[in-house]
Amino acid sequence: MDQKASRSRRLLISKNSILLLVMLVVIFLAIWAWYVDEKKATADTTSITAGSMDNVEIAVPEKVDDGTGKMVDSFPLNNDSWKTEIEFEESGYVKDLVKDVTSDGKQFVVPNFEAATGLKEGRKVITEDIWTNGLSTKEAFNNDIANDDDQYNYISLDFYLRSKSTNINLTADSFLAAGSELGLDGNGNVDPENARLLTGKKIYRQSSYGQAEGNENAFSSDAIVGAMRVSLVGAPVDGVSKSGNINSETNYGGKTWDEAAQTKVVWLPRPDIHLNTDDREINWTLTTGVKPTNTDLAKKTYCHSFYEGLYKEGNIKKGVTYHTYYDSSLFSAEDFTDADNASSPDVFKVSKGFDASKLGTLGYYPTFGQRTQVASEATKNNIQFIKGTNDSRDTTGYYVYKYTLNLWIEGEDAEARRSINNGVFSLKLSFGG
């Protein structure tokens, strides 16, 4: 396909949702993830839908012509743009995701590596070497470089929430599920009655590693959900200015976006999955149903490890530092060594909505299982919205917030492997007061 023809694909985000649901995303991921491999694969479709939730509404930046023919983001001032259920689809949205990335949820880092010494351990990060910033979908689709549209490291979506209440939460029914767990077959058909396990003799999208088809130890590439991470970064919007067709946020709590944007959530959705590697690929296996009480695996699967990029002499990107985030309700500082560089920030969340006896059983998957605040600090602003079609909603008096949703495969996770390079997943983020 002509790369320039893909520019229309950059106009993808014209709708979004309060119930941010990346629903049944057929993501044929080619995760490099610390391993050397030449395979690539391609995504099919992405959709995000919404549902009514506590008078919270959502919108996404609207694409408008800036007067030169270039389509740019514009703040959604019309009430018609704000909904409790909005949907968008974009064919080929996740395409050739082949590059390494590691993140604390806000900074995305691509380190340098030593050569791989074997399949079991993969490549080792060179902690004293230079590093680069990970490329987001937002940047790749909106810059003037035509040949990087399929070279991004992570998905990044901007959206807005507004409410008459200052308090907004990410709610307990949010989840990240494998397509197999939802009954998504290879033809895009969904039927919960056709749900399958991630391991066993009869699975969807079998990994090219591990045992052959029909063996009880074979495993599905859908296990990529075990390595996925989600973060929300946000700030209140205090004002909007208009220049031609473009509506621009003027400030965020009296600051610029870079000054104001704070990490609200770093979420590890699927701690119940662990990939067991070996230098012989036929010996790879998948463990499902890992519980926080599992002394052998819990510290690996219920914690988030990553590298932070450091700066030398002000602006030289050189040196990375290893970190581990843990949930203080599951672990204490004494459970970690100095090398783990462990901490328990309030923003780090691990899924807690599960019945331990059902983990690893047919069609069952954990949910977020808790509420965490993502908005509280705004004051009512002077943003004047435009009354919509057949609309009785107010045009003033809202608390308004801007967020960036980030979704990535954490290269430091055991499941970030080429053995699971065509996985299918469904992400749902639900917000309420």
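Residues that satisfy the salt bridge (charged side-chain N to carboxylate O under 4.0 Å, His left out) test with D391, not counting sequence neighbours, are R393. With sequence neighbours excluded, the residues that form a salt bridge (charged side-chain N to carboxylate O under 4.0 Å, His left out) with R270 are E181, D272. A search for side-chain hydrogen bond (donor to acceptor under 3.5 Å, both in side chains) contacts involving K349 returns nothing, not counting sequence neighbours. Qualifying side-chain hydrogen bond (donor to acceptor under 3.5 Å, both in side chains) partners for T256, counting only residues two or more places apart in sequence or in other chains: E259. With sequence neighbours left out, S376 forms a side-chain hydrogen bond (donor to acceptor under 3.5 Å, both in side chains) with Q373. Every residue meeting the ring pair (Phe, Tyr, Trp, His ring centres under 6.0 Å) condition with F75, not counting sequence neighbours, appears here in chain and number order: Y160. When the side-chain contact (heavy atoms from CB on, under 4.5 Å) test is applied to K318, the partners found at least two apart in sequence or on another chain are I130, K312, I316. K164 meets the salt bridge (charged side-chain N to carboxylate O under 4.0 Å, His left out) test with D394; sequence neighbours excluded. Among residues two or more places apart in sequence or in another chain, the salt bridge (charged side-chain N to carboxylate O under 4.0 Å, His left out) test is passed with K255 by none. Applying the side-chain hydrogen bond (donor to acceptor under 3.5 Å, both in side chains) test to T337 and every residue at least two apart in sequence or in another chain returns D340. Annotation: ring pair (Phe, Tyr, Trp, His ring centres under 6.0 Å) contacts of F354 (sequence neighbours excluded): none.
Residues S81 and E62 have side chains that bring a donor and an acceptor to within less than 3.5 angstrom of each other. Side-chain N/O atoms of T171 and N169 include no donor and acceptor closer than 3.5 Å. Side chain to side chain, K352 and S329 meet the donor-acceptor criterion of an N or O pair below 3.5 Å. Counting only N and O atoms by type, the side chains of K387 and N79 include no donor and acceptor under 3.5 Å apart. Side-chain contact check for E57 and S163: no donor-acceptor pair (N or O, by modelled atom type) lies under 3.5 Å.
Atom CG of L182 sits about 9.5 Å away from atom CG of D222, to the nearest 0.5 Å.
Looking at D73 and K63, a side-chain N of the basic residue comes within less than 4.0 Å of a carboxylate O on the acidic one, giving a salt bridge.
The local environment of CG in D65 is crowded, with over 12 non-hydrogen atoms from other residues, nucleotides or ligands closer than 6.0 Å. Summarising the local packing, CD of Q384 is surrounded by more than 12 heavy atoms from other residues, nucleotides or ligands at distances under 6.0 Å.
Between F431 and F159, the angle of the ring planes lies from 30° to 60°, which puts this pair in the tilted group. A tilted orientation is assigned to the rings of Y365 and F175, their planes being inclined by 30° to 60°.
Residue pairs that meet the side-chain hydrogen bond (donor to acceptor under 3.5 Å, both in side chains) test with at least one member in residues 223-238, sequence neighbours left out, are R229-H304, R229-D413, S231-N406.
The minimum heavy-atom distance linking V320 with Y307 is given by the pair CG2-CD2, 3.6 Å.
Geometrically, R205 does not engage F219 in a cation-pi contact, judged by NZ or CZ lying under 6.0 Å from the ring centre and within 45° of the ring axis.
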